[in-house]
There are 2 protein chains.
Amino acid sequence: MAKTSKLQDESTAFNYATLDRFVGYHMKRAFNVVQADLQETLKPFDLRMLTYTALVLIADNPDLSQTQLASAMDIERANLVVIVDELESKELIVRDRVPSDRRVYALNITLKGRRLLKKSTAAVVKHEARLFAGLNKNVHGVLVGALSEFHANHHS
Amino acid sequence: MAKTSKLQDESTAFNYATLDRFVGYHMKRAFNVVQADLQETLKPFDLRMLTYTALVLIADNPDLSQTQLASAMDIERANLVVIVDELESKELIVRDRVPSDRRVYALNITLKGRRLLKKSTAAVVKHEARLFAGLNKNVHGVLVGALSEFHANHHS
DNA sequence: TATTGTTATACTCTATAACTATA
DNA sequence: TATAGTTATAGAGTATAACAATA
């Protein structure tokens with residue numbers, strides 16, 4: 001834990017002593033890696049993490065409203081608008097009108113959207129398999145379980 | 001895995017089937033929670049996650065250069081400039097000149113910086129303890145180990 | 001030529017308030 | 001009045017290119 005001058009002593013291991021104790025720090029670093037790789041993975045499909053996530057949720061939950069989707073994605077309704085705009089302009093989804101309540105849209109995936117989703121999901125599955133190949137099955141399970149439970153416990 | 005209309009059937013559980021398989025998705029959700037809580041934790045000290053992290057690394061690694069710090073934080077040199085500017089303007093750190101190489105700065109924490117760091121770190125420790133109180137010791141260890149190893153394996 | 005710190009710039013993600021149209 | 005979607009806007013975080021000073 002000696003504090004040596006970095007300029008005079010390049011060989012000394014970097015001191016992460018304080019940060020290493022924090023789970024949040026490790027989560028950020030790890031997520032940065034995943035985020036960067038996922039971005040590259042989705043680029044050929046002209047999708048980002050947010051647009052891909054929205055497309056998945058719309059496909060899995062027919063007639064979703066924008067408010068419901070924003071809530072599911074943990075983002076503000078206002079910020080979802082441009083995401084839905086983008087998916088709609090690419091004809092990957094449609095905003096269906098709901099006769100019983102003319103305020104809301106029922107979001108639904110198109111055939112074109114379903115085709116893109118199939119290909120992009122295959123790429124994402126490969127990306128996950130490649131990134132987490134080093135993790136053994138048990139650790140993988142504990143990791144997902146812990147992260148999932150953590151979110152469930154703390155999400156308002 | 002039935003796809004029921006969300007507008008007609010509000011009671012049906014939301015379908016996360018596709019996303020639930022992805023570790024990256026769980027990492028993002030969990031990190032969002034930590035990030036939001038940490039932000040609130042650091043607000044009384046007028047620090048953000050990035051400024052706090054920089055302050056910690058400067059304290060633990062005397063005479064750090066900006067390039068070294070940017071590398072340690074996984075951010076670009078260009079983006080670090082404003083962070084160092086902010087810490088310096090608050091007199092929490094100093095940019096020391098290095099006679100042997102007049103291109104670089106040797107970053108060092110001030111007494112004022114050290115005092116703020118002590119108080120803010122105590123708050124961050126509490127924030128971590130509170131957030132992860134639900135995790136048992138074993139899971140906590142596996143989580144940190146997995147995230148840390150993952151970053152080490154994939155960081156270029 | 002190469003490197004350090006810097007500026008400028010642009011893009012993404014996020015947060016808030018205020019508006020419209022419907023209920 | 002309350003809610004769904006929208007617009008506008010501002011603040012962060014991030015990525016890239018180009019520059020001056022120095023090596």
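Labels below follow one simple rule: chain letters A, B, ... track the order of the sequence lines, proteins then strands, and each chain is numbered from 1.
Counting only residues at least two apart or on different chains, no ring pair (Phe, Tyr, Trp, His ring centres under 6.0 Å) pair has a member in residues 22-65 of chain A.
Across all strands shown, A/Arg95 has heavy atoms under 4.0 Å from sugar-phosphate atoms exclusively, and none from any base.
Per the geometry, CG belonging to B/Asp46 stands 15 Å off P belonging to D/dG11, to the nearest Å. Distance, B/Met49 CE to C/dT14 C1': 16 Å, rounded to whole Å. Between the C1' atom of D/dT6 and the CG atom of A/Leu69 lies a distance of 16 Å, rounded to the nearest Å. Following rounding to the nearest Å, A/Glu40 (CD) and C/dT12 (P) show an atom-to-atom distance of 14 Å. The CG atom of B/Leu107 sits 7 Å away from the P atom of C/dG5 (whole-angstrom rounding).
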Every protein N/O lying under 3.5 Å from an N/O of nucleotides 20-23 of chain D:
residue: D/dA23; atom: OP1; partner: B/Arg102; partner atom: N; Å: 2.8

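Each of B/Gln66 and B/Gln39 was matched to the nucleotide of DNA chain C holding its nearest heavy atom; the match closer to the 5' end belongs to B/Gln66.
Listed by chain and number, the residues in a ring-ring contact (aromatic ring centres under 6.0 Å, His included) with B/Phe132 are A/Phe150 (sequence neighbours excluded). Checked against side-chain hydrogen bond (donor to acceptor under 3.5 Å, both in side chains), B/Arg130 has the following partners two or more places apart in sequence or in another chain: B/Asp37.
With hydrogens and angles ignored, the 3.5 Å screen pairs no side-chain donor or acceptor of B/Lys112 with any backbone N or O of B/Ile93.
Linking ILVMFWY residues whenever their side-chain heavy atoms come closer than 4.5 Å, directly or via other members, places B/Leu107 and B/Met73 in the same cluster.
Which of D/dT14, D/dT6, C/dT4 sits closest to the side chain of B/Leu50 comes down to D/dT14.
Contact annotation: B/Thr67 does not reach the phosphate of C/dT3 (side-chain N/O to OP1 or OP2, under 4.0 Å).
Listed by residue number, there are no residues of residues 23-37 of chain B with a heavy-atom contact under 4.0 Å to DNA chain D. Remark: B/Ile75, B/Glu76, B/Ala78, B/Asn79 in residues 71-91 of chain B come within less than 4.0 Å of DNA chain D through at least one heavy atom.
Here the rule is side chain to side chain donor-acceptor pair (under 3.5 Å) with B/Arg29, and of A/His151, A/His155, A/His154 only A/His151 fits it.
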Q.
Between B/Asn15 and A/Asn61, is the side chain to side chain donor-acceptor pair (under 3.5 Å) condition met? List the steps.
A. CA-CA 6 Å; B/Asn15 187 352; A/Asn61 299 275; 5.1 Å; no

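What you find for B/His127 and B/Thr41 is that their closest heavy atoms are CB-OG1, 3.4 Å. Closest approach of A/Gly24 to B/Met49, counting heavy atoms only: O-CE, 4.2 Å. Contact detail for A/Leu131 and A/Val34: the closest heavy-atom pair is CD1-CA, 4.0 Å.
Between A/Arg48 and A/Glu86 there is a salt bridge, with a side-chain nitrogen of the basic residue lying less than 4.0 Å from a carboxylate oxygen of the acidic one.
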